[in-house]
Amino acid sequence: QLQLVESGGGSVQPGGSLKLSCAASGLSSNAVCMAWFRQAPGKQREGVANINTYGTPFYASTVKGRFTISRGRAQNTVYLQMNNLDVDDAALYYCAANSKWDGRCGSSLLEADFSDWGQGTRVIVSS
C-alpha cells in the first residue's frame, strides 16, 4: 500500500519561504500523479498543485508564480517550494497520489481524483 509522509512545515513570517517534502513508499511504479492540497481552519481542502510522472506541473491560480512543485530524481519524493508566503497560505498541507491515470494529472486538483493521502504538515504564516 502506498504511504505518503510529509515534512518541512513550520512557522514563517509573511514574505518568507518554506519547502515541503513528501516521501512516498510502496509505489508499484513511477506512473503516479502527485499533488499538494491544503486545508485552512474552517475551510474546505483545496488543491494547490500537481505534477505528472513526466514532471509537468499544474498550479492553482492562488499560488501560481509563488509556489513550485517538483519531483525528486528517484520519483518517490515530491517537493513544494513556497515563496512570498502570506497569511492566507497558512494551512495543513497534504500530499496526495493518483495512480489510476497512468501518471497523468491534467488539471485535476479535485480531492476525489486522489486515493492516497499523507497525514499533513502544518504551515503557519504570522508576523
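Excluded from the calculations below are hydrogen atoms, water molecules and symmetry mates; all remaining heavy atoms, backbone and side chain alike, are included. On a predicted model such as this, the values are computed, not experimentally measured, just so you know.
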Please round to the nearest 0.5 Å and tell me the distance separating atom [atom1] of [X] and atom [atom2] of [Y].
X    : Y    : atom1 : atom2 : value
N76  : S25  : CG    : OG    : 8.5 Å
S7   : K19  : OG    : NZ    : 10.5 Å
D86  : S127 : CG    : OG    : 12.0 Å
Y93  : E6   : OH    : CD    : 12.5 Å
L110 : N98  : CG    : CG    : 10.5 Å

Within-4.5 Å side-chain heavy-atom neighbours: [X] and [Y]:
X    : Y    : value
F58  : L109 : yes
C22  : L4   : yes
Q81  : L20  : no
F114 : C33  : yes
R66  : Y59  : no
D89  : F67  : yes
D113 : W101 : yes
V123 : M82  : yes

For this session: Mark yes when over 12 heavy atoms from residues, nucleotides or ligands other than K64 sit less than 6.0 Å from its NZ; otherwise mark no.
Result: no
[X], [Y]: one ILVMFWY side-chain cluster at the under-4.5 Å cut-off?
X    : Y   : result
L85  : I69 : yes
W36  : Y94 : no
W117 : L92 : yes
M34  : L80 : yes

What's the shortest heavy-atom distance between [X] and [Y], and which atoms?
X    : Y   : answer
T121 : G9  : OG1-N, 3.0 Å
S99  : V32 : CB-CG2, 4.2 Å
L18  : G8  : CD2-O, 3.9 Å
I51  : R71 : O-NH1, 3.4 Å

For this session: Applying side-chain contact (heavy atoms from CB on, under 4.5 Å), run through V12 and I124 and close with a yes or a no.
Result: CA-CA 6 Å; V12 65; I124 299 168; over 6 Å; no
Give every donor-acceptor pair under 3.5 Å between a side-chain atom in residues 40-50 and any protein atom, sequence neighbours left out.
{"unit_1": "R45", "atom_1": "NE", "unit_2": "E111", "atom_2": "OE1", "d": "3.0"}
{"unit_1": "R45", "atom_1": "NH2", "unit_2": "E111", "atom_2": "OE1", "d": "2.9"}
{"unit_1": "E46", "atom_1": "OE2", "unit_2": "R38", "atom_2": "NE", "d": "2.6"}
{"unit_1": "E46", "atom_1": "OE2", "unit_2": "R38", "atom_2": "NH2", "d": "3.1"}
{"unit_1": "N50", "atom_1": "ND2", "unit_2": "G106", "atom_2": "O", "d": "3.4"}
{"unit_1": "N50", "atom_1": "ND2", "unit_2": "S108", "atom_2": "O", "d": "2.8"}

Exercise. Would you say T53's side chain and G103's backbone share a donor-acceptor pair under 3.5 angstrom?
Worked result: no
